[in-house]
Each structure stands twice: as C-alpha cells, then as structure tokens.
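Just below is one structure, and these are the notes that go with it.
Atom set for the values below is all heavy atoms of this structure, side chains included, hydrogens, waters and symmetry mates excluded. Throughout, protein chains are lettered first and strands after them, A, B, ... in sequence-line order, and every chain is numbered starting at 1.
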Amino acid sequence: MIQSLADGILVGAVLSLGAIGLTMVMHMLRFANFAHAELLTIGAYAALVFDRVFQGVNATLGAKLAPLTLTGSLVVAMAIAMAITGASAVLIDRFVFRRVREKGGELSMVFASFGVALIVRNVIGLIFGLHTELYSKGIAFAVVVSRDPLLLIKPDQVFVLAATLVIMLVLHLVLSRTTLGYALRAVAENPSLAQVNGIPLKRMIVLIWVIGGGLAATAGIFYGLTNHLSPVMGRDLVLPIFAAAIVGGIGSIYGAALGGMIVGIASSLALLILPSGYSPSVPFLIILAVLLVRPNGLFGEVRA
Amino acid sequence: MTMKRSVHTAGLGLVLGLGLVPVAGEAMAQSCTQKIGAVLPISVDWGRPIAETAKFVVEQVNSVGGVAGCNIELVLRDDQTDPKVGVDAAKALVDIDQVPVLLGSVSSGVSMPILTSVTVPGKVMQMSCCSSSTAFTKLAEQGKTDGLWFRTFATSRVQAAVGAMVARDKGYKSVAILYKNDDWGQDIGKIVAANLEKLGIKVTAQVALNDAQPSYRAEVAEALAGQPEAVYLALYPTEGTAAVREWLSLGGTQNMIMANSLKSDDFRKNVGIEYLGNAVGTDTSSPRTPSAEAFVKRYVEKFGGQPNGPGLANSYDATMIALLAMQAAGKDAKGPQIAAMVAKVTDPKGTPVTADAAGFAEATKILAGGGTVLYQGATGNVKFDANGDVSAPAVVWSFTNEGTKEDTYIPLEEVDAFVASMK
Amino acid sequence: MIGILSYLVFFATLASILAIAVLGLNLQWGNTGLFNGGVAAFFGAGAYVTLILGGQPQDEHLGGFALPYLVALAGGIAAAALLAWIVGRLTLKLRHDYLAIATFGVAVAFENVMRNALWLTGGAQGLRGFERPMRDLLGDGLNYNSVFLAFVLVLLLLVYGVLQRLAGSPFGRLLRAIREDEDAARSLGKMPARIRLTAFVTGSAIMGLAGGLYGTFYAFVSPQDVLPTLTFQIWAMLIVGGAGNNRGAIAGAFLIWGAWTASGWALSRFAPVEAQLYTGSIQFILIGLVIVGMLLWRPQGLFPERLVVSQSGKPGH
C-alpha cells in the first residue's frame, strides 16, 4: 500500500512534466495535441545522442553521480536536448499546425497532430531502430527505506521527483512574477484582447512551444533514465499524459502537476483490485471519472 | 520474358540481401519457375530474420535443382501484424501469383483469418513457423482445416513442461509468473502455472504484461509481493528487459526461468550478464544428429551468428518441409496434394535425411524411387499429428559472456512422458 | 485471369466494408462535427457480437448461440449502438477535444477487455466457431465471395442512400446547424444534445454493421483487429475522401485501402530485401504525410462537401 503510493508518485512525476507542457499548449492553441508525447521521444533521443558524444569526447563526464545512474554528460546533453526539442516543436508548428490553424477549425488540428505523431515516431524508428535503448546499462538498485511496512525507493526516482518539483517552482515564479508570465496568461485568457493590448501573439505562441517542448524533453529524459527509451515511447505515454492534463483541468499548471501524481497513484493502486491485464484502461477510467464529476477537470475553468 | 526477368530480379534481390556470391548460371539452369508465398511481419524487428531464414532454405533447394525441375521463387509479403493487411497479401499471393503453398504468419491473430478466409477456401497448404495458439488445434479437431494447416512451432506445452521441470529440479518452492499478454503468453502462462501446481510448487502470482505500457513498476511490485523464490518469464525481449531490470532493482530474485523468446542478445546486454548467472532458459531443440550440427554450422557461415532468435529454426523447417512435400507431390501439384505428402517426408519409418541441400537432393532420389523420408530438421525429427501440430525434444540453456550455452538435453520421449504426467 | 478477378472481388469486399464504417464516421464527424476517436470499439462491438450470436457453441468462451445470420448481424449492430448510447450519454457533453480523447480511451478499454476477458471473447487467441452463412449452398470459393460482395454492396448502397436522404432532410440541416453553431440551433428551440446523441448512435451502429460484416468475412476476430490503427485508417479514408461528402467517404475508403495494399505489393515486388525491413515504417510515414498534406493543401478532401442548403454565417466567408 505504502509502496504503491510511493511508486505512484515517483512514476507520476514524469507524467506531470509531460502534462504541464501539454496543458499549456492545449490551453493556448485550443487543440488536443496528440503529437505532444512524441516531443518526449525527440528529447530523449536527442539527449542519448549528445550523451554518447560527450562521453566520447571526455570520459570523465561519463562517470555516474552516485548513487544515481545519472552522468555529467547526460546533464549537459539534457540542456541541448531541451533546446532541440523546443526548436522541433516550433518548427512543427511553423510548418504544420500554424498553417492548418489559419485554414480551418481546431478539430483539423487534432487530426493533423495524429499525422505528425505518426511521422515523428516512424522517422525516429527508422533512424535509431525499433529496439530499446538505455542511457546507462547498469541497474540502479532500490534502497530499502523501511522494512515494515516494506518501502523501496530508487535514488534516480527521488532525483526525478525533486527535479520536477524544482522545475515546477521555477515555472510558477516565471508565470506569476514576470511580465512575460502576465503576457502569456493574457494570451491564454483572450488572444484578441491581448493582441489589442500590444502583446505579440505570434511570439507568445513560439514561446509556449519552446517551454512545452523543453518540459517534454525533460520528461522524456527522466522517463529514459528511470525506464528505457524506444521509438514508440510517445505512443505508450500519450494516454496517461492526456489523463493527467485533463484530470488537472486544461490550462492549469498546478492541476497538471497534481494530475500526473493522481494518474500515477491510481495506476499503481488499481492493480491491487484489477488484474494486471487491464492496466492500459486505467488512465482512461480516471479521465472518465473526473470528467463526469467535474467536466472541466479539477482546476479547469469553464471555457467557451 | 517477364518471367525470366522476375527470376532474375528475385535472384538479384537474394544476392543483394544475403550478401551471397552470385551463382547466376546455376540459378538460371531450370527452365521453369514455381512460386510459393510467404506472409510474415518483416517490418517488425524480430520478424525479418524469420523471413531471411525462409529465403535461405529456398536458395539451398534451388542450388540442387529446385523442386520438380523448377526453380522456386519465394514471394514475400509484409503483414505489419495487421490482420487486414496480412489476409489481403495472402489473397493476392493465392489468386494472382497462384501459389500452392503459403508460409506464415507469425501472429496467430493474422494466421487464423488467413486460414479461415484464404487458404482453406482456396485449397492452399498453409505452413506457419510460429503461430502458437491452441485455437488452431481446436479448429483442426473440428475438421475445419481440411488437413491444409501445419505448424513447426511446438505448442507451448513443451516449453511450459520443461520450465516446470527446471523449477522442480532446482528445488524452488515458490514461483511468480510474468507473461506477455498475447495469445502465446496467455497460453504458456496458464500451462506453466498448472504444471507447477501439479508438482506442488506454489505459484505466488500470475501477472500479465501488456505491450506498450510506459512502466511495469506496478506489475513487478505485484509479482514481488508474494516473495517468490524464483520467477518464470514468458516475455519478449522488449518488455522482458524493462520488467527484469525493474524486478532486479526492487530486489527481486535472480533465480529466473525463461522461455525461448528471451534467448536474445539485446536482453542479455541490457539486463547485464552479471545478473543472469542463475537464469536458465528452455527451448525446443534439434536432435543429437550430425545433420543438426551441420545446420547450425551452415547457418553461422551464412548469417555470421548463431540461429538464436524466436522462430528461426522453426521457419527453416517450415520452409524445408513445404518444399520437400512439393517435391514429393511432383510438378504442378495443388495445395491438397502437397499437404497429403507432408506425412511422406516426415515419416518416422522413412530414410533419415539431413536439413540441408544435400539432404534435399537425397530425398529427391528416395522419393522418386517411391520411398519415404524422415526429415531431421533444425527443431528435431519433425512429426506432425493429425492436427498439424508437432512435438519436439527440448534443451535447457543459460547465458554466457558471448551468447548462450546448452546445459541439458531432454529427449522427446522424456518430454512426452512429462507432459502426459501433467494431465 | 480468373485469379485476378477473384482477388479483385476479395479486395472490393473489404474496401466496401471499410467504406461502410467511413460512412458512419462521416455522419458523426462530417455532418455533425463529433470527433469519434474510438471507431475501433464500435466496429469491434459489431464484429464480436455478430460472431458470438451467430457462432457454434465453444467450450472456451461465451457464445455459439447459433442464431440465424441476419439476427446475429442485427445483434452486432444493436451492440454497437448500445455501446455508443452509453458512451454518448457520458461523453457527448464534453468539449470536442475531450470527446476525442474520451472516445480514444473507450477504444483502448474495449481492446483491453477483448484481450483479457477469456470467458467472454476467447482473449488474445480470438473468437472462433463461426460458420460463414450459406456456405453449404455456395461452397467456399469465388462463388461465395461474389455473392458476399453483392450482399455487402447492397448494404453499402442502402447505407449511402439513407445517409444521402438524411443529409437533404430537415434532420440533416439540423445536424449541420449544430455543427456550425450550437447556440443558434438551441435558440431556435432545437435540442442539440439529443440530436447529437442520435447522430452518434446512428453513426456507431453503421460502424457496427461494418464490423459485423468484417467478422463474417474472416469468420474470426481477435483483439488484433481492433487496435487503434483501425481508427486511424478509417479517419484517413474520410479526410482524404472529403468530410461531409458521402461519395467522398466511399471513394476515400477504396483509395486509401487500395494504396495501402498496392504499396505492400509494389514493395514486395520491387524493393530490395534490405529495404523491406523498413517498409512498415516507411508506409506509416507516407500515410502520415498524406494526412498532413491533405489538411494543408486540400482540407476539404478530394470530394468536398457539397452544400445542399444555405451556408452558415462562418466568419471569413
């Protein structure tokens, strides 16, 4: 029970990070971006490439920061991967989403995002192969925190949780304390009014993609660190991430953060009741349950 | 002209694909071409070697004169593991290319609709290397396959039995089972659990692992909860790697029993050999004959590695037996005639022949003289029962630094006796 | 020659079955603007229930009620409609993008239940024991397939005819009115929620019919038949054909399915063996590019919606 709770929170941290980016994009551009989870894949693989490059250049960078399996080279690679993923998101928007947006309804966007997801996933599969990859082959053993009740925790996961909390705090400060944050929120509330007030809409959209992409890259790398990488990891993560964003309420960053934890914990606890074969349905059941009670999610506002 | 061209293209493809030294003169020696079809998931990472192995067999048979004086052309189609795509491909092969024999597929969910809607209605023999579902046996028992269905994949009973034997011999008192949640995994998981309980070994958990799950943490935690002494793994390398790494990091036992699907270099490297010292695997096996060793040797020469991978030996035998049966049936034979000849080339009383070009040539002579042969294949002395199923001897294997090694050989009689005692 | 004919009959049968499903989706999306991301679930409900009701008794799973074929097929349609009614009651009040995700989740859950409920559906091994109707009379070969194709074509035309009439009827106008401006429709005293539910259930029942025919054609269904890929394929057919146009929906089904199979045939014939490992990925990239390309350069599809009635006051028009 305690173990399931802890597992849920630790697994949920990655979902939270993914969901924050998704919820911002969904709120701002008003469409369900099924390609968002592919940004996690882009980030994770970009970090893999640069991690290998840095280790090749300087072997000491490859040393593990005990007790983590995280290496110095991966930390540096992470920064580059965030930039690459943010840039990819902007480019995808520039070449696909923006044009579709200008042409038609927001629902064409949903389908366009399906198409984009398919392309990204298979291109990555072509380049890197379909097999799983790992940042570090070594197995990080869990630490026994308590014997009774039994509680095991992996250092990597604690790091991921802590890093996630720090990122959320920074994001919170940016959004609530800076002019940039005000501008972003104004655009999200009412794009036309914001534009009238001199906020450059296009630049704000670019900014949203950069932030969303950067957070997605972090989520992808953290997922790779605590699990593994594969070209289809986006496909595997898309439903839980959507669940987290919707549970929290679209547009609510705190909601998304909490939503990730809820989905993680629920998936973990669900196996205490359900046979494990049913676990892919759990995120969906959570979505449905929350929407029935609160049609706009836990922290979402009613929106036209 | 067009036919000659297509032979040429196929030959060229083979040469390119398999890195062969071209032997164009020989390949062109036959005056006619006989097509056979294959529907396999070649776009899936583990599916391609299965297809390559089938091509390798065709090439060997062509090198000794082909079948009934005709050069064999293998038309290969991808099914993307999508039943619609596989069935359509099979229908095109049967109708347009007029193949009398179809090899495939791997997924039971693809092989089954091909069987019910293409090959049985079209009176074409279907030989699958790898479909494991017990549903085929039931269909055959109900007389719905018209004797056209065969598979060289020993049903999951053999591996499940040997897995349970290993647990008994190692003296494990409690075992948790992790299985892939597909037709093969559900089947083998169920049988292993039944066998273990029959042996008085406690099954602490039976946990299904779905494809495409972001994390197996909760599943692994569930399996760990019963604190089993050992764990049985009916998984493929992808989810196997993820689950076993999670299992070990949470302090799970290193006493593992693996199905043959984990006989994979990816799995060994990504988990780490240092944790696999107490891991033993099961597999169906070749008999202890010189020809089986010759097969391995030829395979290594050809592909530069051991035939380690799901379905390779099975694919080899499926193709070879299909071609032998075609040879026995003679030129321009149709599906049912060829299917009827399968018994003649896998006859326990027949003359043993080896699983290579020389064996095929020898079989050709014996069959021409009205005799029968016993094909000694890469998976053993393949013998089909009335439902098109095979039984096979088994081995227990373990990982080494370089690959795998064989620990024990369990003859067919012993496997059969054990399976019978489990009923 | 006869072989090619036989193959074409087979191809046309499956394409027609898929076209029926695309017509169902067109009613939901093209006419009413409901984003159904769970086509596979309604298609699958039709297939599974038809086979369970019409099949021979089996030990391993429920079913084998051996009902007359048309009754079984009607049962399949009813099952899809019932599922749609439940899902619709729960989700249709959601915003569009939530609806897409919720229905996508329905399909995931549906596949999941089919895979795990061994007593009900045979689990991952699939559902067997179904005999194709009138097999004794027609045998198994080309004759059978031709008659079955005729049967499917009749149903396709029937569905098409009904939907065409519907589009021109006051109800059809109402659907489009709701799609374009729900508030305006409501202000005219219409009840959008109920009408949307009707459209959703009807469209899903049509998908159920397609699923039932699909199961009949293969005499088998397994969880592999109801993966999200199917939803995606049906959507691609509608987008390429032209949302809102029933003729476009049918053309889209034949075009996309034709391209899907022809590319496999061409790759097996002309691509070098090495490239074949990648054909699956390449095919999916091509499909993705077609979708995105269509949305970019011809968002109305190859056969754009022909407006039977006056256009709404969409800004910018």
Side-chain angles (χ1 to χ4, degrees), chain A residues 26 30-34 92 95-97 99-100 103-127 129-130 231 235 238-239 242-243 245-246 250 274-288 291-292 295-297 303-304, chain C residues 29 33-35 37-38 87 90-91 93-113 115-118 123-124 179 183 228 231-232 235-236 238-239 243 277-278 280-300 314:
Chain A
M26 267 179 90
R30 287 160 209 254
F31 82 107
N33 182 8
F34 277 84
I92 292 171
F95 287 110
V96 181
F97 293 143
R99 296 181 185 199
V100 177
K103 283 225 166 129
E106 45 194 83
L107 286 167
S108 306
M109 301 274 287
V110 179
F111 202 67
S113 74
F114 265 118
V116 169
L118 208 59
I119 297 170
V120 171
R121 192 183 303 154
N122 285 291
V123 167
I124 291 178
L126 274 184
I127 299 173
L130 302 174
R235 180 198 69 191
V238 70
L239 203 55
F242 262 113
I246 290 176
I250 297 302
L274 276 177
S276 60
Y278 287 99
S279 52
S281 307
V282 172
F284 159 68
L285 293 176
I286 302 167
I287 295 181
L288 213 58
L291 288 184
L292 288 179
N296 291 293
R303 222 178 61 176
Chain C
W29 167 241
L34 297 171
F35 198 117
V87 171
L90 293 175
T91 59
K93 58 177 189 241
L94 300 179
R95 277 173 36 191
H96 286 303
D97 41 4
Y98 283 10
L99 179 65
I101 294 154
T103 45
F104 183 76
V106 169
V108 170
F110 180 83
E111 193 267 346
N112 221 220
V113 173
R115 186 173 288 277
N116 290 293
L118 271 72
R179 179 187 71 186
D183 291 334
T231 304
F232 182 80
W235 265 100
L238 182 62
I239 296 287
L277 176 61
Y278 307 108
S281 297
I282 293 170
Q283 230 173 338
F284 278 114
I285 292 173
L286 289 177
I287 297 283
L289 287 174
V290 168
I291 302 295
V292 172
M294 282 303 287
L295 290 169
L296 285 181
W297 289 293
R298 203 174 159 83
Q300 68 276 40
K314 214 175 179 180

If I measure from the heavy atoms of chain A, does [X] come under 4.5 Å with its side chain, its backbone, both, or neither?
X: Val290(C); result: neither
X: Phe284(C); result: both
X: Leu286(C); result: neither
X: Ala117(C); result: both

Less than 3.5 Å apart, which donor and acceptor atoms pair up between the side chains of residues 103-111 of chain C and the rest of the protein, not counting sequence neighbours?
unit_1    : atom_1 : unit_2    : atom_2 : d
Thr103(C) : OG1    : Gly37(C)  : N      : 2.8
Thr103(C) : OG1    : Leu99(C)  : O      : 2.7
Thr103(C) : OG1    : Ala100(C) : O      : 3.0
Glu111(C) : OE2    : Arg115(C) : NE     : 2.9
Glu111(C) : OE2    : Arg115(C) : NH2    : 2.9

(message) Please report the interatomic distance CD(Gln300(C)) to OG(Ser108(A)), rounded to the nearest 0.5 Å.
(response)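 Rounded to the nearest 0.5 Å, the CD-OG separation comes out at 10.5 Å.
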(message) For the CG atom of Leu126(A) and the CD1 atom of Ile282(C), what is their distance to the nearest 0.5 Å?
(response)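 It comes to 5.5 Å.
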(request) May I ask you to decide if the ring planes of Phe111(A) and Phe35(C) are parallel, tilted or perpendicular, using 30° and 60° as cut-offs? (result)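 Plane angle between 30° and 60°, so tilted.
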Examine whether an atom of [X] lies under 4.5 Å from a heavy atom of chain C, and if so say whether it belongs to the side chain, the backbone or both; otherwise answer neither.
X: Phe34(A); answer: side chain
X: Ser113(A); answer: neither
X: Ile287(A); answer: side chain
X: Phe242(A); answer: side chain

Heavy-atom pair with the smallest gap, counting every atom of [X] and [Y]:
X: Lys103(A); Y: Leu295(C); result: CD-O, 4.4 Å
X: Val292(C); Y: Ile119(A); result: CG2-CD1, 4.2 Å
X: Val96(A); Y: Leu296(C); result: O-CD2, 3.7 Å

(message) In the structure I gave you, are the side-chain heavy atoms of Leu118(A) and Ile291(C) within less than 4.5 Å of one another anywhere?
(response)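 Leu118(A) vs Ile291(C): side chains apart.
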(message) Between Thr91(C) and Leu288(A), is there a side-chain heavy-atom distance shorter than 4.5 Å?
(response)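 Sidechains of Thr91(C) and Leu288(A): in contact.
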(request) Please assess Leu291(A) against Leu90(C) for the test side chain to side chain contact (heavy atoms under 4.5 Å, CB included), listing each intermediate value before the final yes or no. (result) CA-CA 9 Å; Leu291(A) 288 184; Leu90(C) 293 175; over 6 Å; no
(message) Please rank Gly125(A), Pro283(A), Ala112(A), Pro280(A) by heavy-atom pairs under 4.5 Å with chain C and give me the top one.
(response)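 Ranked by contacts with chain C, first place is Pro280(A).
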(message) Counting heavy-atom pairs under 4.5 Å with chain C, which one of Ser281(A), Pro231(A), Pro295(A) comes out on top?
(response)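 The candidate making the most pairs under 4.5 Å is Ser281(A).
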(request) Any salt bridge (charged side-chain N to carboxylate O under 4.0 Å, His left out) involving residues 109-126 of chain A? Give me the pairs, sequence neighbours left out, ordered by first then second residue. (result)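 Pairs touching residues 109-126 of chain A that pass the test: Glu38(A)-Arg121(A).
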(message) Working note: Phe284(A) + Ile101(C), criterion side chain to side chain contact (heavy atoms under 4.5 Å, CB included); need CA distance, chi angles, decisive distance, verdict.
(response) CA-CA 9 Å; Phe284(A) 159 68; Ile101(C) 294 154; over 6 Å; no
